[in-house]
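Each remark here refers to the structure printed beneath this line.
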Amino acid sequence: MKNIKFEITHESTDTNARCGILKTLHGDVETPIFMPVGTLATVKFLSVEEIKAIGSGIILSNTYHLWLRPGSDIIEKAGGVHKFMNYDGPMLTDSGGFQVFSLADNREIKEEGVTFRSHLNGDKLFLSPEKAIQIQNQIGADIIMSLDECIHYPAKHDYVKESVDRTLRWAKRGKETHSRSDQALFGIVQGGEYEDLREYCAKELVKMDFDGYSIGGTSVGEDKETMYKMVDYSIKHLPHDKPRYLMGVGAVNDILEGIERGVDMFDCVLPTRIARHGTLITSQGRINIKRNIYKDDFTSLDPNCDCYTCQNYTKAYLNHLYRSKEGLGDRLCSIHNLRFLIKLVENARIAIKENKFKEYKEKIYSEYKFDERGF
RNA sequence: GGAGAAGUAGCGAAGUGGCUAAACGCGGCUGACUGUAACUCAGCUCCCUUCGGGUUCGGUGGUUCGAAUCCGCCCUUCUCCA
């Protein structure tokens with residue numbers, strides 16, 4: 001049984017952007033795609049029905065977090081993560097590699113794997129590339145990731161080289177461990193901001209022949225221009241006919257820049273996290289709905305948005321929900337932010353098919369007011 | 001009418017001679033957030049301001065080198081008894 005199939009349906013003539021279909025056993029996903037993050041087998045605050053209603057084609061979950069709670073055995077016993085959370089669409093799991101980065105205070109990296117201190121109770125945990133795959137086999141997502149080391153920025157060339165070599169050995173070990181033919185396995189390109197290391201890592205991964213390739217180690221503190229270079233350096237050496245996934249990227253301009261460079265998949269916690277913190281992404285830029293000026297603003301968030309929130313609620317009401325710390329606000333704003341990005345990418349697909357992606361990007365940029373840092 | 005208790009910044013509440021423009025919490029304002037330890041975190045919140053300065057702790061008059069803190073009187077609120 002073939003795990004996934006990727007078909008390129010259109011290549012834009014004005015940029016490197018392309019459209020495709022990712023066929024999984026839980027349904028087809030049109031690319032480019034933005035994937036909402038549901039770390040603990042839940043996109044925070046949203047029901048599966050709501051996730052589907054916003055047009056989400058595929059969602060993410062996380063190996064490290066599900067391993068700790070409820071435990072991958074429980075998920076396996078439930079019949080896999082799809083059944084566990086009552087979701088029948090495509091799903092992807094991250095390997096725990098990002099937690100090697102984000103829980104850096106509590107871990108030690110060795111050739112064999114990573115020793116963690118559980119962020120929940122301090123338990124000593126050991127995650128190896130084999131273990132990361134075994135857990136993901138138990139969880140049962142359609143697409144799974146190799147364990148990688150996501151490196152801080154900036155990092156010295158020597159260290160990055162050493163780390164990339166280890167990530168490559170981990171990728172190989174993970175691939176040899178992978179036992180489920182119904183799950184696609186992606187390798188992850190690292191290499192920091194160094195062109196030679198990105199190239200080296202990409203080429204070595206391609207030799208191992210993964211089902212798809214992720215670009216990792218971005219949005220870890222570098223400026224945007226550097227990040228785009230990291231993408232350029234990596235993507236250049238990836239096979240044309242395999243999906244490319246830019247991990248952890250979800251700012252409006254970053255998605256558009258990624259698509260322009262030939263990225264097929266994105267995921268990011270940004271839309272859901274900032275939604276919970278009261279920040280909303282609109283076609284005119286970000287707004288903070290908690291601000292006083294929205295207290296009696298009875299217009300909708302974004303006149304151009306077709307989401308449930310914009311169709312039914314006013315800024316004044318959302319402002320009230322946040323001031324009152326009512327969870328409905330977090331939910332409604334998460335729906336909006338996710339729908340905004342999903343729609344952004346849906347329209348990008350249309351533009352690509354018409355060979356007008358560049359024009360599309362420029363139109364978005366002309367309306368969207370970025371702050372001085374580019375968000 | 002009598003007996004107690006209390007009045008501190010928008011609110012609640014510490015402080016009971018100098019280290020106090022006054023802890024802390026709430027409320028308010030602003031900002032951050034990119035493969036989720038995040039319904040979180042950071043800053044500001046008497047007035048003018050860059051340093052710095054100016055007015056504060058119910059009112060008023062004292063004591064003291066120095067008072068939100070001690071004393072007198074006045075005002076207000078609460079509780080209990082008649």
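- Pairing for B/rU30 is with B/rA42, a Watson-Crick or G-U wobble pair whose two hydrogen-bonding atom distances lie under 3.5 Å.
- Paired with A/F116 under the rule ring-ring contact (aromatic ring centres under 6.0 Å, His included), one option of A/W67, A/F126, A/Y64 passes, and it is A/Y64.
- Relative orientation of the A/F98 and A/F101 rings is tilted, given thresholds of 30° and 60° on the angle between their planes.
- No more than 12 heavy atoms of other residues, nucleotides or ligands shown are found within 6.0 angstrom of NZ on A/K131.
- Across the protein-nucleic acid pair, A/Y245 atom OH and B/rU34 atom P stand 15 Å apart, rounded to whole Å.
- The aromatic rings of A/H336 and A/F340 are tilted relative to each other, their planes meeting at an angle between 30° and 60°.
- Under the side chain to side chain contact (heavy atoms under 4.5 Å, CB included) rule, A/K236 has a single partner from A/E195, A/E199, A/R198, which is A/E195.
- Side-chain nitrogen and oxygen atoms of A/R273 include none within less than 4.0 Å of the OP1 or OP2 phosphate oxygen of B/rA32.
- We find that CD1 of A/I274 is positioned 13 Å from C1' of B/rG31, with the value rounded to whole Å.
- Taking atom CE of A/M35 as the reference point, atom P of B/rU34 lies 17 Å away to the nearest angstrom.
- Not a single donor-acceptor contact under 3.5 angstrom links the side-chain atoms of A/K290 to the base of B/rU30.
- Counting any heavy atom pair closer than 4.0 Å across all strands shown, A/G250 reaches a base atom.
- Residue contacts shown for A/T279 include a base, since a base heavy atom lies under 4.0 Å away.
- Note on A/N62: a side-chain N or O is less than 4.0 Å away from OP1 or OP2 of B/rU36.
- For A/S95, whose side chain is taken as the heavy atoms from C-beta onward, the closest listed nucleotide among B/rU34, B/rG35, B/rC39 is B/rG35.
- Following rounding to the nearest Å, A/N337 (CG) and B/rU36 (P) show an atom-to-atom distance of 17 Å.
- Using a 4.0 Å cut-off, some side-chain N or O of A/S102 falls inside it from OP1 or OP2 of B/rA37.
- Judged by distance alone, the side chains of A/E260 and A/T15 never bring a donor and an acceptor atom under 3.5 Å apart.
- Here the side chain of A/H119 is nearest to one of B/rA37, B/rC29, B/rU34, namely B/rA37.
- Rounded to a whole Å, the CZ atom of A/F34 is 9 Å from the C1' atom of B/rU34.
- What separates CG of A/L341 from C1' of B/rC33 is a distance of 14 Å, to the nearest Å.
- Classified by interplanar angle (parallel below 30°, tilted 30° to 60°, perpendicular above 60°), the ring pair A/H157/A/Y194 is perpendicular.
- Comparing B/rU36, B/rG35, B/rU34 by their closest approach to the side chain of A/L60 singles out B/rG35.
- Taking atom P on both nucleotides, B/rU40 is separated from B/rA22 by 29 Å, rounded to a whole Å.
- Looking at the side chain of A/N288, the nearest of the listed nucleotides B/rG31, B/rG35, B/rA37 is B/rG31.
- Across all strands shown, B/rG18 pairs with B/rC65; the Watson-Crick or G-U wobble distances both stay below 3.5 Å.
- The side chain of A/R276 lies closest to B/rU36, out of B/rA32, B/rC29, B/rU36.
- A stacking contact links A/H277 to B/rU40: the aromatic ring centre lies within less than 5.5 Å of the base's six-membered ring centre, and the planes differ by less than 30°.
- Distance noted for atom P between B/rA6 and B/rG15: 12 Å (whole Å).
- OP1 or OP2 of B/rU34 has not a single side-chain nitrogen or oxygen of A/S219 nearer than 4.0 Å.
- When each of B/rU36, B/rG35, B/rC33 is scored by its nearest atom to the side-chain atoms of A/T39, the top-ranked nucleotide is B/rU36.
- Taking atom P in both B/rC74 and B/rG10, the straight-line distance is 29 Å, to the nearest Å.
- A/F101 places its CZ atom 15 Å from the C1' atom of B/rA38, with the value rounded to the nearest Å.
- Contact annotation: A/R323 reaches the phosphate of B/rC29 (side-chain N/O to OP1 or OP2, under 4.0 Å).
- Base pairing of B/rC73 is made with B/rG59, judged by Watson-Crick or G-U wobble geometry with both donor-acceptor distances under 3.5 Å.
- Taking atom P in both B/rC57 and B/rC19, the straight-line distance is 16 Å, to the nearest Å.
- Between the CE atom of A/M247 and the P atom of B/rU34 there is a distance of 15 Å, rounded to whole Å.
- When the side-chain nitrogen and oxygen atoms of A/Q99 are compared with OP1 and OP2 of B/rG35, none of them lie within a distance under 4.0 Å.
- Spacing of P atoms, B/rG72 relative to B/rU63, comes out at 15 Å, to the nearest Å.
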